[in-house]
Amino acid sequence: MYDDDDLNLLNADAVLESPLDRLAPIDDPAAEADKPDVEEMLGLLSSAEVPQRMRAARAFCELQDERATPQLIQLLADGCPLVRVSAAYALGRNPSTDAVEPLIQQYHRDWNGYVRKGVVWALGNCRDRRSLSPLVEALETDISAVRLWAASSLGQMADVDAETAAESIPAVAKALARDPLPAVRSNCAWSIGQLCQAVPVGEVYRGAIAALIDALSDPDLGVQEDAKSALLKLGDPSGLQAIEEIELGLL
């Protein structure tokens, strides 16, 4: 748990680990047995006590109940950063079209890196076209931890529609080539692989494949592997040829 002194450091340009990053997956049988009581947690969301609100918001990172959504949206503006980040994660686990605009507004006004990171993750899970612009902004301008999740969240725009997926690709391809953090570039490679599955073969698609081929020569081995995995999954002939030529030492 991070106290207020720890939270003052959150705008440093570092990969921030959220207090909620280690939550068990929703489908974990052990976590299922220990889930909190839904009715009790719904009541605590409006508690006057900060620890109770935080506990309840964290509970909905495991629980799924649409009745919690309006209160979780309200908690995005809570005075306590740990409540806000918990609410953001909870909305990511309980995605709703009603939460998209409040999440976008909170992204633009929140000073806290943990909160913006959680908001970006939640926006990706909402799979809504309105999320595209703030996610691109986050990828291009935010601290590394937020860029990391913006990169992977943009990959989820593949589930919206082909047009949104195509509009996502240029920013992700640019970050794949230029972002200084290898982990961000790796997430970009993964996302391009997702996005290319949703767009027709054309100029945007070919540009994305070219970006993945360029990433096969990235200075970081992890980025190279993620680019290779994306190309293999897509099965594009030019990508497969580039991989073969690299393995044969021709490139």
Task: Where A57 and V83 come nearest, the two heavy atoms and their spacing - done: CB-O, 4.5 Å

Open item on the list: If we check side chain to side chain contact (heavy atoms under 4.5 Å, CB included) with C188, which of these qualifies: L176, D179, L154?
Closed with: L176

Open item on the list: If I take atom OG from residue S46 and atom CD from residue Q52, how far apart are they, to the nearest 0.5 angstrom?
Closed with: 10.5 Å

Open item on the list: How close do A158 and L195 get, counting heavy atoms only, and between which atoms?
Closed with: N-CD2, 3.6 Å

Open item on the list: With a 4.5 Å cut-off on side-chain heavy atoms, are L135 and M157 touching?
Closed with: yes

TODO: Taking the side chain as every heavy atom from C-beta outward, state whether L139 and K174 have any atom pair closer than 4.5 Å.
DONE: no

Open item on the list: I'd like to know if I243 and W190 are part of one continuous hydrophobic network [Ile/Leu/Val/Met/Phe/Trp/Tyr, side-chain heavy atoms within less than 4.5 Å].
Closed with: no

Open item on the list: If I take atom CG from residue L42 and atom CZ from residue F60, how far apart are they, to the nearest 0.5 angstrom?
Closed with: 4.0 Å

- [ ] Using distance alone, with no hydrogens and no angle criterion, decide if T164 and D161 have a side-chain donor and acceptor under 3.5 Å apart.
- [x] yes

Open item on the list: For Q105 and E101, which I'm curious about, is there any donor-acceptor pair between the side chains at under 3.5 Å?
Closed with: no

Task: Among D110, N112, D78, side-chain hydrogen bond (donor to acceptor under 3.5 Å, both in side chains) partner for R84 - done: D110

Task: Hydrophobic cluster identity match, L181 and L221, side-chain contacts under 4.5 Å - done: no

TODO: State, with a plain yes or no, whether a side-chain heavy atom of S86 is found less than 4.5 Å away from one of L75.
DONE: no

Open item on the list: Return the CD1 to CG distance between I192 and D226, rounded to the nearest 0.5 Å.
Closed with: 11.0 Å

Open item on the list: Just verifying a value: how many Å separate Q71 CD and L44 CG, rounded to the nearest 0.5 Å?
Closed with: 10.0 Å

Task: Nearest heavy-atom neighbours spanning P81 and W111 - done: CG-CZ2, 3.9 Å

Task: L91 side chain near T69 side chain, heavy-atom distance below 4.5 Å - done: yes

- [ ] Would you indicate whether the side-chain heavy atoms of L45 and M41 approach each other to under 4.5 Å?
- [x] no

Open item on the list: Rounded at 0.5 Å granularity, tell me how far OG in S96 sits from CG in L72.
Closed with: 10.0 Å

Task: Reported CZ-to-CH2 distance for the pair R93 and W121, which is rounded to 0.5 angstrom - done: 4.5 Å

- [ ] Count the heavy atoms of every other residue, nucleotide or ligand shown that sit under 6.0 Å from CZ of R109, and state whether that count exceeds 12.
- [x] yes

Task: Salt-bridge contact R178-E140 (side-chain N to carboxylate O under 4.0 Å) - done: no

Open item on the list: Give me the atom names and distance for the closest heavy-atom approach of A88 to G118.
Closed with: CB-C, 3.7 Å

- [ ] Might you point out which heavy atoms bring A166 and V204 nearest each other, and give the distance in Å?
- [x] O-CG1, 3.8 Å

Task: Whether Q74 side chain and P70 backbone form a donor-acceptor pair below 3.5 Å - done: no

TODO: Applying side-chain contact (heavy atoms from CB on, under 4.5 Å), run through K228 and I246 and close with a yes or a no.
DONE: CA-CA 11 Å; K228 179 180 177 180; I246 287 176; over 6 Å; no

Open item on the list: Within the 4.5 Å heavy-atom criterion, are R55 and E40 side-chain neighbours or not?
Closed with: yes

Task: Minimum side-chain heavy-atom gap N94-L63 below 4.5 Å - done: no

Task: Verdict with supporting geometry, L231 and I209, side-chain contact (heavy atoms from CB on, under 4.5 Å) - done: CA-CA 7 Å; L231 288 168; I209 295 296; 4.1 Å; yes

Task: Q106 side chain vs L76 backbone, donor-acceptor pair below 3.5 Å - done: yes

Open item on the list: Could you tell me if the side chain of T97 sits less than 4.5 Å from the side chain of R130, heavy atoms only?
Closed with: yes

TODO: Output yes when a side-chain donor or acceptor of R147 lies under 3.5 Å from a complementary backbone atom of D142, and no otherwise.
DONE: yes

- [ ] Examine distances only and state if a side-chain atom of R58 and a backbone atom of Y89 form a donor-acceptor pair shorter than 3.5 Å.
- [x] no

Return a table of donor-acceptor pairs under 3.5 angstrom between the side chains of residues 210-219 and protein atoms on other chains or two or more places apart.
unit_1, atom_1, unit_2, atom_2, d
D218, OD1, R185, NH2, 2.9
D218, OD1, D220, N, 2.8
D218, OD2, R185, NE, 2.8

- [ ] Specify the closest pair of heavy atoms between V172 and S191, including all atoms of both residues, with the distance to one decimal.
- [x] CG1-CB, 4.1 Å

